[in-house]
Structures are given as structure tokens and as C-alpha cells.
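Comments concern the structure below.
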There are 2 protein chains.
Amino acid sequence: MASRSTYHHGNLRAALVEGALALVAERGIGALSVAEVARRVGVSSGAPYRHFAHRPALLAATAVEMAHRLTASLRDVLPELHEPLGDLDAVDVTARAAAAYTRFTIEHGAGLDLIFSDELHGLDDRDLLEAGRAVMDALVPTAMTVTHGDARAALRLIERQIAAAHGYAALLRTGFLDRRHPTADDVADHVAAIARSVALTSRDDALT
Amino acid sequence: MASRSTYHHGNLRAALVEGALALVAERGIGALSVAEVARRVGVSSGAPYRHFAHRPALLAATAVEMAHRLTASLRDVLPELHEPLGDLDAVDVTARAAAAYTRFTIEHGAGLDLIFSDELHGLDDRDLLEAGRAVMDALVPTAMTVTHGDARAALRLIERQIAAAHGYAALLRTGFLDRRHPTADDVADHVAAIARSVALTSRDDALT
DNA sequence: GTCTATACTAGGATAGAC
DNA sequence: GTCTATCCTAGTATAGAC
């Protein structure tokens, strides 16, 4: 794509967010630079500043788009919850969601850690808050089913599953796992296993 | 500490590693710069290059020292394993080790992810390989007790516990948890709970 | 063995031309 | 709305003085 000279991008802002997503996916949040994104999109290094005041603003817009996509990914594997779900079924569903979340973070280089990061929280971006809430709303109902309606326990369960996902993703990124599990699906399976273990524990605690 | 002029450090190399450990602890691996470490130690920005050829070499030396300290931390909470251990006891001991590992990574900003990272693996540093092996040697026996002697399952168990630790540590670092659990001990408790759940699952799988 | 000075790279951010 | 040009900051690494 892209020809030369007098670039007339219909929508540079969106193109920049897209480029930022790709860069974060390839090299992680820390490697996101405005200059590199501009280079990828094919504009000058100053151009992005017409759309984003500074690097954190670009990162926040990227996080919003990521949250939208994450919500969509999770909804793909989570049921609508109009009909009740057996609690053993709910355990399996949370494990499936954890696996999906794992694949997402591996493929995108980030997830809820970016969306809810302190770094961006300081910006008070309403779109970001809204998009982050939507992600959690997708996860909570099934977790609540596992914990028999205990909201605090449900959040704790989600947190533990998310932590497992990020931990495995981190080990994969740094190369700790490379002598064993190459694919994202393998890693997602491990996380699903952990997610299942902790969900069963949560459920049993709830039954006490 | 440190006075002015004609710095005569008995051992600048060790001081640099110490400074690097402190910097990694405060700001993470990505923020480690030779210049900043030199500044902290109180020498010029060129001085470190008399002891380390480049940034990765300093990072590797830092990782070696970290591995030594990690091994010591783990040995503090792990039994000598001269006498046999009941398998339920072994589950608890792995959970305790996971908690200790979690506190270590939070306090040091890194752990096995750095020690076994691809970035450093390319250097083929014998000291680092040796030090990394020592960490694993500290963890394996108890895990093997849980898995009734299945070595592959034991490594998988350790990996999952390590992943949980890094995941929670990452969520804490990014600020995702700040609305809930401030202290390292709280986080370590969560990881211990996950570690216990996965250890029980591992044990039950081994009994099948 | 450390210091000073320097060359080079890369990114953040702004000003003014078009 | 994008480009060119520019200034600043910060880091890696090397050379030569002391």
C-alpha cells in the first residue's frame, strides 16, 4: 500500500492507531514510539502530533481500540447468559475465556494490563474507561456463576485468571518457554488448565 | 556514601552490578541503562566499559547475581529433603516457594524471566547458565514429590507457578491491581493460592 | 582504572512553509 | 493536514589524557 509524495490519508488518525497496534503486537508497549509508528504509516515524524498531543495520547487511543477488539474476542467464546449455566459448565466457560484472553494478549502484546495501566489512568480518558469497563462486563457474569453470586470472589477469580495469562505470555515473550512450548495455542492450553484449577477452588470456597 | 574527585573504587565492577540490581528493582529491565547505572554509582559514563563490553554484558552479570540471591531466598523456605515429605505437605511447600518467588520478583523487578531470557542466552555466559541451573535445582525436588516422581509434570508445575508469580507481579507493576491489593505480601498470598490449586491438580493427575 | 571529550543514534516535540 | 527543519534529551560506545 501507499504511493509517494503529498500523502493525503483519508484518516491518518485511524492509520496511526492501526500502526501502533501492530508495533505493540510485534515489540511490546515499551517499544511504541511515535516516530516509528509514523515511519510505518508512511508519514513524517511530526505528522502524528496534529492528531495526538504526545506519546501517551497515542498509546491511550491504541488501548481503546485494543479494548474494543478484546471485548469482541471474549464475546465470541462467552455465552449470552440468558439461560442459567450449571456451575461445572461455568468453570469450563471461564477456562475457555482465559484461553481466549491468553491468545489475545500474545497476539496483541498487551491486554488489560495496558487498558488499566496507571500510565494511562492519569489521562482520565473517558473512552478508555468506558472500553475497559466493557471488557470486565463481558467477563463478570460467568465468573459470578462460578462463585454463586459472590462479586468479590468473582473479581478475585478473574484477576487470578488474567494473572496466569499474563504470566505465561511474559514467559513466552522473554524466551523462558522456548525450549518447550512454541505456539500461542499451547500456552493458552496451559492457562486454561490453571484457570480451571483456580475456578474449581473458587467454586469450592463458595460452597463452604 | 562516596566522596568527590578521583574516585578509587576498590571494586567498581561489583558496585555497578549492585547499582544495576537497584535500578532494575525500581524501574524494570527495560529501563536499565549503562549511563544511569554509572550515574548512580558516581562514576563517568565511560567507566563501566572498562568492566563490561556493552549493555547486555552488564545485564548478564546482574542476572547472575540475581540468580544467586534467588537461590538463597528459595532455600530459605524449602526443606532439605533428606527425610521424605507427605504429598499434601509437599503441595504446601510448593505454595510457600511460589510465594517467596513472587516476593522476590516484585522486590527485584525480575526473576527467572531475566535469568533465562533469550536476550542473554545468546551471550553463552557459563556463570549465568550455572546460576540458572542452581535456581531450578532448588525448586525441582519438592515439585517432584508432588508429582510422584514424574519429572515432566514437575517442570510443568513449576512453570505454571512461576507464570502465576510473573503474571501477578506484572499486574501489580502496571497498576492494574492498585485499586485492590497494595502490598507484595498480599500479592504473594494470591500466588500461593493459585500455586496450591495447580499443585493439587498436578498431584491428582499424577494419581490417575 | 577512571575521566573528559566526542561521534553517533533515536526519539519527543515544536515552528513555519505549503 | 502534512512536510521540512530544527532543538532537546538520553543513551551507546570509543579515544586519548592522566
Side-chain angles (χ1 to χ4, degrees), chain A residues 1-63 109 114 117 119-120 122-123 125, chain B residues 1-24 26-63 109 117 119-120 122-123 125:
Chain A
M1 37 200 104
S3 55
R4 278 307 112 238
S5 69
T6 49
Y7 225 96
H8 212 239
H9 249 299
N11 194 349
L12 179 56
R13 194 196 137 94
L16 289 167
V17 169
E18 210 59 48
L21 278 169
L23 183 53
V24 169
E26 280 173 40
R27 303 210 245 128
I29 296 166
L32 182 98
S33 85
V34 177
E36 173 68 18
V37 171
R39 212 172 291 132
R40 285 176 174 234
V41 170
V43 295
S44 74
S45 69
Y49 291 94
R50 194 56 47 168
H51 299 275
F52 301 100
H54 38 237
R55 181 185 176 280
L58 171 56
L59 189 57
T62 305
L114 170 61
S117 70
E119 194 181 348
L120 299 183
L123 298 179
D125 183 320
Chain B
M1 37 204 101
S3 55
R4 276 310 111 238
S5 68
T6 50
Y7 223 97
H8 209 240
H9 251 297
N11 194 349
L12 178 56
R13 194 196 136 94
L16 289 168
V17 169
E18 209 60 47
L21 277 169
L23 183 53
V24 169
E26 278 174 41
R27 301 212 243 127
I29 297 166
L32 182 96
S33 85
V34 177
E36 173 67 18
V37 172
R39 212 172 292 130
R40 285 177 174 234
V41 170
V43 296
S44 75
S45 69
Y49 291 93
R50 195 56 48 167
H51 299 275
F52 301 101
H54 38 236
R55 180 186 177 282
L58 171 57
L59 189 58
T62 305
S117 71
E119 194 180 347
L120 298 184
L123 298 180
D125 183 319

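Note that the structure is a prediction, hence the values are computed from the model and not measured. In what follows, chains are A, B, ... by sequence order, proteins preceding strands, each numbered from 1.
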Starting the side chain at C-beta, find the nucleotide from [options] nearest to [X].
X	options	answer
B:Ser45	D:dA13, C:dC3, D:dT2	D:dA13
B:Tyr49	C:dT2, C:dG11, D:dA13	D:dA13
B:Arg55	D:dT12, C:dG11, D:dC3	D:dT12
A:Ala35	D:dC3, D:dT14, C:dG12	C:dG12

Report task. Report the residues that fulfil salt bridge (charged side-chain N to carboxylate O under 4.0 Å, His left out) with A:Arg50, sequence neighbours left out, ordered by chain and then residue number. Result -> none
Requested in this report: May I ask you to evaluate whether A:Arg50 reaches the phosphate of C:dT14, defined as a side-chain N or O under 4.0 Å from OP1 or OP2?
Outcome: no
Query raised in the report: Should B:His54 be listed as having a side-chain N or O under 4.0 Å from OP1 or OP2 of D:dT14?
Result: no
Query raised in the report: Closer to the 5' end of DNA chain C via nearest nucleotide, is it B:Ser44 or A:Val34?
Result: B:Ser44
Atom [atom1] of [X] and atom [atom2] of [N]: how far apart are they, to the nearest Å?
X	N	atom1	atom2	answer
A:Arg27	C:dG11	CZ	P	8 Å
A:Leu32	C:dA10	CG	C1'	14 Å
B:Leu16	D:dT12	CG	P	13 Å
B:Glu36	D:dT9	CD	P	16 Å
B:Leu59	D:dA13	CG	C1'	17 Å
B:His51	D:dT12	NE2	P	17 Å

Requested in this report: Kindly determine whether B:Leu59 and B:Ile29 satisfy side-chain contact (heavy atoms from CB on, under 4.5 Å), including the steps that lead there.
Outcome: CA-CA 8 Å; B:Leu59 189 58; B:Ile29 297 166; 4.2 Å; yes
Query raised in the report: Checking all strands, does A:Arg13 fall into the base, sugar-phosphate, or nothing category for heavy-atom contacts under 4.0 angstrom?
Result: nothing
Query - Trace of the side-chain contact (heavy atoms from CB on, under 4.5 Å) decision for B:Val41 with B:Leu12 - result: CA-CA 8 Å; B:Val41 170; B:Leu12 178 56; 3.8 Å; yes
Requested in this report: Kindly say whether A:Leu32 contributes a backbone atom to a donor-acceptor pair with the side chain of A:Arg55 at under 3.5 angstrom?
Outcome: yes
**Report entry** Closest approach of A:Ala38 to A:Ser45 (non-hydrogen atoms, all atoms of both residues)
**Finding:** CB-CA, 4.1 Å
